[in-house]
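Read through the structure below, which is laid out as structure tokens, and then see the notes.
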Amino acid sequence: MTAEATEHFKIAIVGAGFGGLGMAIRLREQGEEDFAVLERDVDVGGTWLQNTYPGCQCDVPSHLYSFSFAQNPGWSRTFSPQPEIWDYLRRCADEAGVRPHLRTGCAVTDASWDADAQRWRLETTLGPISADVLVAATGGLSEPSVPELPGLERFEGASFHSARWDHSHELDGERVAVIGTGASAIQFVPRIQPMVDRMHVFQRTAPWIMPHTDRPITPLERRFFARFPVLQRLLREAIYWARESFVLGFVVNRRLMRMPERIARAHLHRQVADPELRAKLTPDYEIGCKRILLSNDYLPSLAKPNVELVTDAIAEVRERSIVTADGTEREVDTIIFGTGFHVTDQPVAEHVRGRDGRSLAQVWADEHGGSAEAYRGTSVAGFPNLFLITGPNTGLGHTSMTVMIEAQIEYVLDALGKIGRDGIAAVDVRPDVQAAENAAIQRRLRGTVWTAGGCESWYIDPNGRVTTVWPDFTFRFRNRLRRFDLGDYDAEPAREREREPVAA
Ligand code: NAP
């Protein structure tokens with residue numbers, strides 16, 4: 001491709017999940033049409049397009065796990081199943097008129113800041129693009145992580161990750177190994193248990209599991225929400241505040257987590273009669289240290305005669321079997337990885353290069369020992385006009401990510417209003433401002449359930465820093481991002497430049 005073919009947009013958004021789609025919808029609502037949404041997959045949806053495993057369902061209540069600006073009175077359950085969330089996102093894209101801006105099958109392979117031209121230059125699988133502003137909404141849980149088990153490459157059976165479920169593969173009558181017992185596995189294990197001949201569930205760490213309160217939303221309730229949207233909004237608010245109260249236990253006083261811990265313990269006792277199995281399923285760390293899981297059918301499924309819970313470490317994978325550290329060899333036809341995602345080592349960080357040509361990953365390695373760091377989870381010093389949606393320290397263990405995403409979207413909109421005004425072409429967060437905020441976040445994390453709760457989790461990066469979680473109430477995050485403060489940024493005036501040829 002030559003420079004002649006470079007298309008230019010005011011804003012390029014990478015990713016069409018909740019983050020990228022929400023950004024696009026709000027841009028259109030503001031009358032902005034000069035943007036493109038670049039999505040590597042076949043449609044909008046992000047994680048809700050990619051995760052199609054049996055039983056996939058959101059563990060945050062439907063009325064809160066949706067855009068505040070696009071309420072859905074039609075949710076069929078209090079916790080939405082994946083197909084319904086995906087449908088909802090597609091409908092949002094259609095109704096907001098985002099489709100003409102969407103490029104699917106468009107993977108961004110490189111994004112570099114061109115300091116002379118004061119714009120981002122993107123290499124994509126559909127050709128080069130340039131943009132004044134880059135919004136990276138690539139999602140925190142989009143790159144499946146498959147552990148490097150010794151001998152895995154020799155395995156001759158089928159294997160796939162929960163986020164890349166192979167629906168063409170019949171599991172009926174098979175001997176199946178499930179590796180991992182996190183949020184995804186506890187949803188698909190009960191679904192596949194009745195169909196498989198044998199299932200070995202390999203558990204490294206026992207999760208805390210609470211009773212699930214999921215139920216169908218009646219047609220009457222749905223008609224009610226459609227007729228009186230304000231009532232659905234009030235319910236949303238009530239759910240929001242009830243869930244914020246968890247922060248008190250996570251951050252302020254960990255003793256408050258004793259009550260949920262007691263509920264989870266009683267749930268385990270009620271659901272698992274065998275004391276040996278129950279012992280294996282009892283976590284040895286504080287509840288909340290890892291994501292608290294909700295299920296009424298996972299624990300009973302482990303007690304079924306065709307299921308074995310294996311707690312010995314995996315030593316080796318052979319052609320048709322898995323061998324554990326105690327020397328036991330279990331023959332399996334298929335391995336399903338419910339082993340989570342690359343979170344603190346996201347590949348996107350390798351592909352975005354800033355002012356001095358270094359990638360985000362390089363800058364974080366050189367300046368923070370490999371720990372990801374951003375300002376307000378959104379801007380990174382040295383990366384002008386780059387906005388991350390769900391960047392470092394924006395993750396949550398207790399409520400809906402849409403709260404954080406919407407706060408970031410409004411922040412970017414405010415920034416866009418300021419870029420371009422008064423002749424400003426680029427904004428770059430001041431390193432001292434970013435450092436001060438991150439020092440405060442790390443101070444705030446001390447003594448929280450994530451750092452002192454006695455577990456290892458993907459919230460913690462290899463340096464022992466929690467770079468994923470927002471350690472506070474989400475309304476504080478929202479308040480911090482209410483205004484884009486130009487004083488926190490170095491603003492670059494627009495330079496005279498030759499007009500570049502643009503594609504027809
Ligand atoms: P996860 O919660 O990170 O769980 C991964 C599981 O794999 C853990 O049990 C982990 O054990 C195990 N594991 C990882 N590497 C392993 C290895 N080398 N050997 C043995 N076991 C290994 O992943 P996930 O279940 O896919 O969920 C990820 C996140 O996605 C969740 O925390 C949640 O935020 C989100 N999610 C949300 C929903 C929802 O309903 N909204 C549903 C699914 C997922 P350890 O605990 O010992 O590390």
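Ligands are counted one by one from 1 in listed order, and the atoms in each one are counted from 1 as well. It should be emphasised that the depicted structure is a prediction, and the values quoted were computed from it without experimental measurement.
Using a heavy-atom distance under 4.0 Å as the criterion, the protein contacts of ligand 1 are Tyr53, Gln57, Cys58, Asp59, Leu141, Pro147, Ile179, Gly180, Thr181, Gly182, Ala183, Ser184, Gln187, Arg204, Thr205, Lys290, Arg291, Gly338, Thr339, Gly340, Phe341, Trp458.
Applying the salt bridge (charged side-chain N to carboxylate O under 4.0 Å, His left out) test to pairs two or more places apart or on separate chains, those with a residue in residues 245-257 are Arg254-Glu286. Among residues at least two apart or in separate chains, salt bridge (charged side-chain N to carboxylate O under 4.0 Å, His left out) pairs with a member in residues 449-471 are Glu373-Arg465. Pairs engaging residues 389-398 under the side chain to side chain donor-acceptor pair (under 3.5 Å) rule: Glu244-His398 [sequence neighbours left out].
Under the 6.0 Å cut-off for aromatic ring centres, Tyr65 and Phe79 do not qualify, their centroids lying 6.0 Å or more apart. Ring centers of His161 and Phe341: under 6.0 Å apart, within the cut-off.
With rounding to the nearest 0.5 Å, the separation of OG1 in Thr339 from CZ in Phe202 is 13.0 Å.
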